[in-house]
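Sequence positions, counted from 1, serve as the residue numbers for this chain.
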Amino acid sequence: MASVWNDLEGLLEAPSASDGGRSTRGSIKPPSNFNPEEDAADLRKALKGLGTDEKTLVQILTQRSNAQRQVICQAYRCQYDQSLLDDVKGDTGGDLGDMLVALLCPPAVYDCHEVIKAMEGAGTEEGVLMEIFSSRTNAQIRALADVHLEETGTALTHRLKKEVSGEFSDALLILAQAERDESGHLNTEQAMEDAQVLYEAGEKKWGTDESKFIEILCRRSVAQLRRTLLEYKNLSGKTLQESIESEMSGDLQELLVSVVKCVKNPGAYFAERLRQSMKGGGTCEASLIRIMVSRSEVDMLDIRAQFKRLYEHSLHSAIESDLSGDLQDGVLALCGGDDD
């Protein structure tokens with residue numbers, strides 16, 4: 001596991017989570033013979049027949065792009081004067097129902113609902129917040145924030161301030177303000193200077209100045225940070241991730257490591273998250289569904305490749321071992337193929 005994060009070779013040329021053309025690395029490709037009225041009729045029949053036909057729901061919704069699913073929702077509303085989303089919620093349940101609802105939501109709405117869910121109840125699910133805010137583009141975060149304001153009447157940053165605290169809050173709020181530089185401009189001198197600042201704020205001093213790490217890692221562009229990671233390794237002999245892991249602890253450490261991993265190799269980051277959701281005493285279906293749905297049109301092919309590289313078996317085979325029934329069929333469809 002360590003080798004993939006310590007290996008910086010080819011870093012500057014590697015695909016990133018903010019690449020404009022990244023959707024070509026998704027596993028779900030919109031079918032060309034798309035007929036929304038026909039899909040709406042088939043879904044209606046599956047929902048309103050004698051018992052719910054979950055197989056048909058899974059087959060249709062996992063084989064359409066999210067944009068096409070929104071058109072199906074409109075056709076369903078026009079044909080039956082009802083909400084497809086409401087009908088699916090009413091006729092399905094459990095993890096399968098959660099997956100089908102996730103597929104029907106526009107990406108920003110789904111991200112927003114996952115963030116809200118992570119902040120509800122007695123404790124905050126910091127890991128979900130880290131995953132979403134570390135990996136989304138500025139535009140995706142702004143769209144999420146717009147949905148939050150529209151649905152709750154409260155600014156996203158205001159809600160986050162009430163849920164998290166300390167330096168973890170400082171870093172998370174910068175990410176949630178969607179102010180990361182996305183120009184793609186690379187300044188080697190700036191990277192060398194930032195590497196020096198980070199080295200002096202961590203490895204070189206007694207105690208750590210976390211604010212320097214937060215400011216640089218949460219605001220610089222992916223291209224700039226990749227160059228900084230190389231310069232830091234040249235300067236200190238250690239990777240920046242190793243320094244963060246040795247110098248910090250708790251939620252701030254985990255968040256900044258997530259940021260670094262998404263900068264280095266987003267495919268490996270999500271492969272690791274998927275592995276964590278499936279190993280141990282039981283499967284965390286909520287995490288598995290969130291990642292499979294949200295990355296199916298983004299970089300699932302990269303995630304599959306990195307999963308095989310890291311764990312020496314395919315993501316497809318891991319899903320087959322952990323899930324069953326219609327949920328297994330749906331998640332395997334989002335996976336898009338077997339690499340064994």
Side-chain angles (χ1 to χ4, degrees), residues 1-12 14 16-17 118 124-136 164-175 180 191-222 224-280 284 287 291 303 306-307 309-311:
M1 175 64 71
S3 61
V4 72
W5 299 122
N6 293 341
D7 181 11
L8 302 183
E9 187 176 348
L11 180 61
L12 297 181
S16 78
T124 303
E125 293 184 63
E126 288 86 355
V128 176
L129 301 180
M130 294 175 198
E131 176 193 304
I132 290 175
F133 290 108
S134 295
S135 63
R136 301 312 193 249
V164 295
S165 59
E167 287 158 329
F168 172 63
S169 173
D170 295 343
L172 194 67
L173 285 168
I174 291 175
L175 294 173
R180 182 182 293 285
M192 294 172 68
E193 183 180 319
D194 284 348
Q196 185 70 43
V197 168
L198 292 170
Y199 182 58
E200 292 179 358
E203 292 286 341
K204 202 175 178 183
K205 67 176 292 185
W206 181 260
T208 306
D209 184 352
E210 288 88 353
S211 66
K212 297 288 195 303
F213 285 81
I214 292 169
E215 186 66 21
I216 291 172
L217 288 175
C218 297
R219 292 194 189 277
R220 298 285 191 263
S221 71
V222 170
Q224 192 66 37
L225 286 173
R226 285 180 168 181
R227 185 79 220 185
T228 301
L229 295 180
L230 293 172
E231 297 297 340
Y232 188 91
K233 179 75 178 289
N234 292 336
L235 182 65
S236 74
K238 297 172 68 173
T239 67
L240 184 58
Q241 181 178 330
E242 289 173 318
S243 292
I244 293 169
E245 289 171 340
S246 64
E247 293 287 323
M248 302 179 201
S249 61
D251 290 333
L252 178 63
Q253 180 210 72
E254 193 174 340
L255 175 59
L256 294 183
V257 166
S258 293
V259 169
V260 170
K261 286 181 174 181
C262 285
V263 165
K264 282 182 181 174
N265 191 330
Y269 171 73
F270 281 108
E272 193 176 79
R273 293 280 294 170
L274 285 168
R275 171 72 169 180
Q276 290 167 354
S277 77
M278 290 185 279
K279 71 178 185 179
C284 178
S287 291
I291 295 169
I303 294 168
Q306 293 298 329
F307 195 97
R309 175 188 176 191
L310 288 168
Y311 307 111

Indicate yes or no: at least one non-hydrogen side-chain atom of [X] is less than 4.5 angstrom from one of [Y].
X    : Y    : answer
V164 : L173 : no
I216 : L225 : yes
V4   : R309 : yes
E126 : L255 : no
E131 : Y269 : yes

Carefully, step by step, assess E242 and T239 under the rule side chain to side chain donor-acceptor pair (under 3.5 Å). CA-CA 5 Å; E242 289 173 318; T239 67; 3.3 Å; yes
[atom2] on [Y] to [atom1] on [X], rounded to 0.5 Å:
X    : Y    : atom1 : atom2 : answer
L129 : S258 : CG    : OG    : 11.0 Å
D209 : E167 : CG    : CD    : 8.5 Å
L235 : E231 : CG    : CD    : 8.5 Å
F270 : C262 : CZ    : SG    : 5.5 Å
F307 : E272 : CZ    : CD    : 11.0 Å
L252 : F168 : CG    : CZ    : 8.5 Å

Side chain to side chain contact (heavy atoms under 4.5 Å, CB included) evaluation trace for K238 with K233: CA-CA 5 Å; K238 297 172 68 173; K233 179 75 178 289; 5.6 Å; no
Closest non-hydrogen atom pair, [X] against [Y]:
X    : Y    : result
C218 : L256 : SG-CD2, 4.3 Å
E215 : I174 : OE1-CD1, 4.2 Å
I214 : A171 : CG2-CA, 3.7 Å
A191 : R227 : CB-CG, 3.4 Å
L274 : S277 : O-OG, 2.7 Å
T208 : G202 : CG2-CA, 4.2 Å

Kindly indicate, with the supporting measurements, whether the criterion side chain to side chain contact (heavy atoms under 4.5 Å, CB included) is fulfilled by Q196 and E193. CA-CA 5 Å; Q196 185 70 43; E193 183 180 319; 5.7 Å; no
Under 3.5 Å, side chain of [X] to main-chain N/O of [Y], donor-acceptor pair present?
X    : Y    : value
Q253 : M248 : yes
R226 : L11  : yes
R219 : R180 : no

Within the 3.5 Å criterion, strictly below it, is a donor on W5 or E245 matched to an acceptor on the partner's side chain?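 Note: W5 and E245 side chains miss the donor-acceptor criterion.
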Between Y232 and S243, do the side chains contain a donor N or O and an acceptor N or O under 3.5 Å apart?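 The answer is yes; a qualifying pair exists.
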Candidate pair D170 and E210, rule side chain to side chain contact (heavy atoms under 4.5 Å, CB included), full reasoning: CA-CA 10 Å; D170 295 343; E210 288 88 353; over 6 Å; no
